[in-house]
Each structure stands twice: as C-alpha cells, then as structure tokens.
Amino acid sequence: MTDVSDAALQHLAEQVGEAARNHHHMLVTAESCTGGWIAKTLTDIAGSSGWFECGMAAYSYEAKQSLLSVRPQTLEQFGAVSRETVIEMVSGALANTGATLAVAVTGIAGPGGGTEDKPVGTVWIAWKRRGGYPKAEVFHFAGDREAVRRQTVAASLQGMLALAT
C-alpha cells in the first residue's frame, strides 16, 4: 500500500465499484477518523448510485450509538478506537441500512489524541458482508493526519474489494 495518491485511491474505488456492480452489492461506510473520505472516494465514481447505499461519518460517542447501534458499554469499556467498537460499527451499518457490504473505520489520525496504548496512527478497520461474520484489523499508519487518513482510505477500499469479489 505504498501509493495513496488521489489517482491510486480513485483506481481502487473504481475497482470496488466494478466488483460491487458485478456481484450486485450495495455498499455502506461507517467512518470516524476519515470523516466521510471513503464515501467521497466511492461516490466520485460515475454510476456509483447503482452500488453505493450511504455513508455515515460518526465521530462522537452519541453518533456511534444512534447511527450505528454501538453500545454505550462498549465505548466505556474499550473506547472508540478498539476492535469491539469497530465490529459494532460495521454490524450496525449493515443492520441500519439496506446495504450488503460494509466498512467501518475508527482511529487516531493526530496530531493529538494518541496514548501509549493507542498512539497516533492506530486505526481499526472492519469489513462485513450481510449474513457473514465481521473481519477487523488494526493498523499502525505513519505520517501526519493526512497521511494516516489516506492510508486508512486505501486499506478500507482494498478490504472492500476483497470482500466484494
């Protein structure tokens, strides 16, 4: 995942869109640290209305609870940047929409907000197909806020591509 340029992200989004269209999927994104960047990248593709359901940028605990059905206990016990939270986010995105494939991201893009346990660049990404089990993975991206977010978008799209085919 070395190239995270606009052109590379667009190419990945085009591949995701083609796979979604060919396999009759509708996509949903549940985004925290990327603030809707994944959804924007996907909807930049002409014809995306045929395979993109919706995107939610849920930064606050309240938004994660109301939009994505994340349990308050999960946020209190594990925090927003955790495997448990991202799994509830991706599951809630599917449960609350008509989509068949979901991606969820939560992380610390920086420059502040990091801790010893969860330094800046820590990002959890989860993917799930309707009726399937979620897959969650933690990443430790390097760079400034923009670099962390770009790498998150790229990793999210790569995971969606794998799930869509």
Side-chain angles (χ1 to χ4, degrees), residues 4 6-72 74-75 78-109 123-139 141 145-146 148-165:
V4 293
D6 287 345
L9 295 180
Q10 180 181 351
H11 180 68
L12 261 174
E14 289 168 351
Q15 290 178 299
V16 170
E18 184 178 341
R21 186 174 46 255
N22 290 342
H23 293 89
H24 310 289
H25 288 300
M26 290 298 286
L27 310 182
V28 60
T29 64
E31 304 180 60
S32 189
C33 62
T34 49
W37 196 341
I38 302 164
K40 183 237 185 279
T41 303
L42 290 167
T43 59
D44 280 348
I45 307 304
S48 58
S49 61
W51 45 265
F52 186 83
E53 174 92 8
C54 66
M56 293 169 267
Y59 256 62
S60 71
Y61 276 25
E62 292 78 12
K64 286 176 178 68
Q65 291 170 47
S66 64
L67 296 174
L68 300 169
S69 304
V70 175
R71 297 175 320 119
T74 302
L75 293 165
F78 302 103
V81 181
S82 65
R83 181 180 196 281
E84 293 79 5
T85 295
V86 81
I87 285 175
E88 289 187 20
M89 287 173 67
V90 78
S91 297
L94 282 177
N96 295 326
T97 67
T100 56
L101 291 181
V103 63
V105 300
T106 184
I108 305 163
V123 177
W124 277 96
I125 304 176
W127 303 269
K128 186 176 180 183
R129 184 189 298 241
R130 183 170 297 283
Y133 293 103
K135 176 190 176 203
E137 190 173 343
V138 67
F139 294 85
F141 296 125
R145 183 175 182 82
E146 166 110 357
V148 169
R149 292 173 58 157
R150 277 186 179 277
Q151 291 170 85
T152 302
V153 173
S156 298
L157 292 173
Q158 287 173 336
M160 288 198 92
L161 181 58
L163 194 61
T165 53

Enquirer: For Ser82, give me all partners under side chain to side chain contact (heavy atoms under 4.5 Å, CB included), at least two apart in sequence or on another chain.
Expert: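 Applying side chain to side chain contact (heavy atoms under 4.5 Å, CB included) to Ser82 gives Phe78, Glu84, Thr85, Lys118.
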Enquirer: Which residues pass the salt bridge (charged side-chain N to carboxylate O under 4.0 Å, His left out) test with Arg71, sequence neighbours left out?
Expert: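 Salt bridge (charged side-chain N to carboxylate O under 4.0 Å, His left out) list for Arg71, sorted by chain: Glu88.
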Enquirer: Mind listing the closest non-hydrogen atom pair of Trp124 and Val81 along with its distance?
Expert: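 So the minimum-distance heavy-atom pair works out to CD1-C, 3.9 Å.
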Enquirer: Hey, does Gln158 have a side-chain heavy atom less than 4.5 Å from the side chain of Leu12?
Expert: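 With C-beta onward as the side chain, the pair touches.
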Enquirer: Can you list every side chain to side chain donor-acceptor pair (under 3.5 Å) pair that touches residues 46-55, not counting sequence neighbours?
Expert: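 Sorted result for residues 46-55: empty, none.
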Enquirer: Any sub-3.5 Å donor-acceptor pair from Arg130's side-chain atoms to Leu94's backbone N or O?
Expert: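 Present.
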Enquirer: So which atom in Ser69 and which in Asn96 form the shortest heavy-atom distance, rounded to 0.1 Å?
Expert: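 Smallest interatomic distance, heavy atoms only, reads OG-ND2, 3.2 Å.
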Enquirer: How close do Thr165 and Ala19 get, counting heavy atoms only, and between which atoms?
Expert: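 The answer is CG2-CB, 3.7 Å.
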Enquirer: Can you name the nearest heavy-atom pair linking Met26 to Gly50, along with the distance?
Expert: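 Minimum heavy-atom contact is SD-O, 3.4 Å.
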Enquirer: Please name all residues satisfying salt bridge (charged side-chain N to carboxylate O under 4.0 Å, His left out) with Glu146, sequence neighbours left out, ordered by chain then number.
Expert: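 Glu146 satisfies salt bridge (charged side-chain N to carboxylate O under 4.0 Å, His left out) with Arg150 once adjacent residues are dropped.
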Enquirer: Going by side chain to side chain contact (heavy atoms under 4.5 Å, CB included), name the residues that satisfy it together with Glu31, two or more places apart in sequence or in a different chain.
Expert: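 Glu31: side chain to side chain contact (heavy atoms under 4.5 Å, CB included) contacts with Thr29, Thr34, Trp37, Ile38, Ala39, Val105.
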Enquirer: Restricting to side chain to side chain donor-acceptor pair (under 3.5 Å), what partner residues turn up for Ser156, sequence neighbours left out?
Expert: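 Result, side chain to side chain donor-acceptor pair (under 3.5 Å) vs Ser156: none returned.
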Enquirer: Give me the atom names and distance for the closest heavy-atom approach of Ala20 to Ala164.
Expert: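 The pair with the smallest heavy-atom distance is N-CB, 4.3 Å.
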Enquirer: Main chain of Leu163, side chain of Arg129: is a donor-acceptor contact present, judged purely on distance under 3.5 Å?
Expert: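 Pair found, side chain donor or acceptor close to backbone of Leu163.
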Enquirer: Rounded to the nearest 0.5 Å, what's the gap from CD1 on Ile108 to CZ on Arg145? Could you check?
Expert: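 The CZ atom of Arg145 is 11.0 Å from CD1 of Ile108, to the nearest 0.5 Å.
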Enquirer: Going by side chain to side chain contact (heavy atoms under 4.5 Å, CB included), name the residues that satisfy it together with Ala13, two or more places apart in sequence or in a different chain.
Expert: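 By the side chain to side chain contact (heavy atoms under 4.5 Å, CB included) rule, Ala13 matches Thr41, Leu42, Ile45, Leu157.
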Enquirer: Answer whether the closest heavy-atom distance between the side chains of Val4 and Val153 falls below 4.5 Å.
Expert: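 No. Closest side-chain heavy atoms not under 4.5 Å.
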Enquirer: Does Cys33 form a side-chain contact (heavy atoms from CB on, under 4.5 Å) with Thr152? I'd like the steps, not just the answer.
Expert: CA-CA 9 Å; Cys33 62; Thr152 302; 4.3 Å; yes
Enquirer: Looking at residues at least two apart in the chain, or sitting in another chain, which of them share a side chain to side chain donor-acceptor pair (under 3.5 Å) with Asp44?
Expert: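 Listed in chain order: Lys40.
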Enquirer: Quick one: does any side-chain atom of Thr106 pair with a main-chain N or O of Ser32 as donor and acceptor, under 3.5 Å?
Expert: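 Such a contact is absent between Thr106 side chain and Ser32 backbone.
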Enquirer: Please list all pairs meeting salt bridge (Lys or Arg N to Asp or Glu O under 4.0 Å) that have one or both residues in residues 60-69, counting only residues at least two apart or in different chains.
Expert: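 Sorted pair list comes back empty.
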Enquirer: Begin with the C-alpha distance, continue with both residues' side-chain angles, and end with the deciding distance and a verdict on side-chain contact (heavy atoms from CB on, under 4.5 Å) for Met56 and Thr97.
Expert: CA-CA 11 Å; Met56 293 169 267; Thr97 67; 4.0 Å; yes
Enquirer: Please enumerate all residues that pass side chain to side chain donor-acceptor pair (under 3.5 Å) together with Glu18, with sequence neighbours excluded.
Expert: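 Glu18 satisfies side chain to side chain donor-acceptor pair (under 3.5 Å) with no other residue.
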Enquirer: Which residues pass the side chain to side chain donor-acceptor pair (under 3.5 Å) test with Glu14, sequence neighbours left out?
Expert: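 Side chain to side chain donor-acceptor pair (under 3.5 Å) check on Glu14 returns Gln10.
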Enquirer: Taking only residues two or more places apart in sequence or in another chain, which ones pass side chain to side chain contact (heavy atoms under 4.5 Å, CB included) with Ala63?
Expert: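 Ala63: side chain to side chain contact (heavy atoms under 4.5 Å, CB included) contacts with Ala58, Ser60, Leu67.
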Enquirer: Where is the tightest heavy-atom contact between Trp127 and Ala155, given as atom of each residue plus distance?
Expert: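 For Trp127 versus Ala155, the nearest heavy atoms are CZ2-O, 3.5 Å.
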